[in-house]
Amino acid sequence: ILTMKDIVREGHPVLQQETEKVTLPLSIEDQDTLICMMNYLKNSQDPILSKKYNLRPGVGLSANQIGLNKRMFVAYLTDEKEQLHEYTLINPKIISHSVSMIYLPEGEGCLSVDRNVEGYVPRYERVKIKAYDVNGKEIVLKVKGYPSIVLQHEIDHLDGKMFYDHINKENPFQLPADVDIKS
Ligand SMILES: O=C(O)C[C@@H](Cc1ccccc1)[C@H](O)SCc1ccccc1
Ligand code: NI
């Protein structure tokens with residue numbers, strides 16, 4: 001199973017580069033990798049297993065976070081309305097987004113960053129994503145709020161970006177007038 005030793009930490013080049021598009025249909029190997037990545041998220045959110053395997057909880061994981069230069073990620077989270085969101089997205093692309101922005105009041109963390117980085121991370125409130133599912137079928141999904149933040153955090157990884165790249169250097173808690181804090 002995937003554990004913290006498999007997770008690449010900041011500074012490693014694979015996290016700083018734009019990941020390569022995945023060839024479709026998915027190889028058996030890529031299919032298996034995605035299952036392992038989703039199992040990491042589920043295990044990390046299980047009180048018993050996360051303790052047993054010493055896993056940091058995660059709601060998203062990108063392939064380059066486990067050292068693979070492949071444009072694919074998984075996400076497993078419940079939203080503000082306790083709705084479960086489970087995504088395995090291949091070659092995702094944000095094709096449109098809202099003007100309005102949102103932030104997590106507590107800021108963001110990252111499984112690849114072993115330190116606290118303070119500050120608001122401005123994200124689009126709503127995004128429309130085009131991607132492929134594990135069967136190679138094209139999907140278009142619209143997400144808003146917390147799920148939108150998670151998917152943007154993961155797509156950033158695939159583009160070689162870290163959450164703190166979005167934090168205002170002068171004033172990390174700067175809030176442009178018209179933004180809403182999403183809790
Ligand atoms: O490093 C990753 O990509 C996984 C992040 C994703 C993430 C962080 C902040 C905001 C949105 C997504 C981990 O989930 S950070 C740990 C965590 C665990 C549970 C809930 C929120 C954050
Ligand atoms: Ni991250």
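Just so it is clear, the structure is predicted and the values come from calculations on it, not from any experiment. Every number for a ligand or one of its atoms is a count from 1 in the order of the listing.
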Protein heavy atom at shortest distance from [atom]:
atom	answer
atom 11 (C) of ligand 1	Val150 CG2, 3.8 Å
atom 20 (C) of ligand 1	Tyr146 OH, 3.5 Å
atom 4 (C) of ligand 1	Gly60 O, 3.0 Å
atom 18 (C) of ligand 1	Pro57 O, 3.4 Å
atom 1 (O) of ligand 1	Leu111 N, 2.8 Å
atom 8 (C) of ligand 1	Gly109 O, 3.3 Å
atom 5 (C) of ligand 1	His153 NE2, 4.0 Å

### Task
State the atoms of ligand 1, each with its element, that fall below the 4.0 Å cut-off from a heavy-atom position in Cys110.
1 (O)
#### Entry: Phe163 CZ: over 12 foreign heavy atoms closer than 6.0 Å
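It does: Phe163 CZ has more than 12 such atoms within range.
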### Message
Quick check on Lys52: does its NZ atom have over 12 non-hydrogen neighbours (other residues, nucleotides or ligands) under 6.0 Å away?
### Response
no
### Query
Checking Arg115 against Tyr164: charged group under 6.0 Å from the ring centre and within 45 degrees of the axis?
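Satisfied, under 6.0 Å and within 45°.
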### Query
Would a distance-only check, ignoring hydrogens and angles, find a side-chain to backbone donor-acceptor pair under 3.5 Å from Ser44 to Pro57?
no
### Message
When you measure from the side chain of Arg56 to the backbone of Cys110, do you find a donor-acceptor pair of N or O atoms at a distance under 3.5 Å?
### Response
yes
Would you kindly specify which portion of [X] sits under 4.0 Å from ligand 1, judged on non-hydrogen atoms: side chain, backbone, both or neither?
X	result
Glu154	side chain
His157	side chain
Tyr76	neither
Leu104	side chain

### Task
Report the residue from Val143, Leu141, Ile95 that forms a side-chain contact (heavy atoms from CB on, under 4.5 Å) with Lys128.
Ile95
### Message
Below 3.5 Å, N or O to N or O, backbone or side chain included: is there any such pair between Val59 and ligand 1?
### Response
yes
### Message
Looking only at distances, can you tell me whether any N or O atom of Ser112, backbone or side chain, sits closer than 3.5 Å to an N or O atom of ligand 1?
### Response
no
### Query
Ion pair present between Glu86 and Lys42, side-chain N to carboxylate O less than 4.0 angstrom?
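Salt bridge between Glu86 and Lys42, a charged N being under 4.0 Å from a carboxylate O: yes.
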### Task
Scan side-chain atoms only and decide if Ser148 and Gln152 contain a donor-acceptor pair under the 3.5 Å cut-off.
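Their side chains do contain a donor-acceptor pair, which is all the 3.5 Å distance test asks for.
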### Query
Does the side chain of Ser112 come under 3.5 Å of the side chain of Gln65 through a donor N or O and an acceptor N or O?
yes
### Residue pairs passing the salt bridge (Lys or Arg N to Asp or Glu O under 4.0 Å) test where at least one lies in residues 14-39, sequence neighbours excluded
Glu18-Arg71, Asp30-Lys70
### Query
Under a 4.5 Å cut-off applied to non-hydrogen side-chain atoms, are His157 and Leu15 in contact?
yes
### Task
Describe, in one word, how the ring planes of Tyr120 and Phe173 are oriented to each other, choosing from parallel (under 30°), tilted (30 to 60°) and perpendicular (over 60°).
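Correct class here is perpendicular.
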### Query
Do you reckon Ile7 sits in the same ILVMFWY cluster as Met162, going by side-chain contacts under 4.5 Å, direct or chained?
no
### Message
I'd like to know if Gln65 contacts ligand 1, where contact means a heavy-atom distance under 4.0 Å to any ligand atom.
### Response
yes
### Task
Could you check Arg123 against Asp156 for salt bridge (Lys or Arg N to Asp or Glu O under 4.0 Å), going step by step and ending with a plain yes or no?
CA-CA 11 Å; Arg123 301 265 188 208; Asp156 268 355; 2.7 Å; yes
### Task
Pick, from Gly58, Ser44, Ala75, the option with the minimum heavy-atom distance to atom 13 (C) of ligand 1.
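Shortest heavy-atom distance from atom 13 (C) of ligand 1: Gly58.
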### Task
Provide the protein N, O or S atoms situated under 2.8 Å from the Ni ion (ligand 2); waters are not included.
Cys110 SG, His153 NE2, His157 NE2
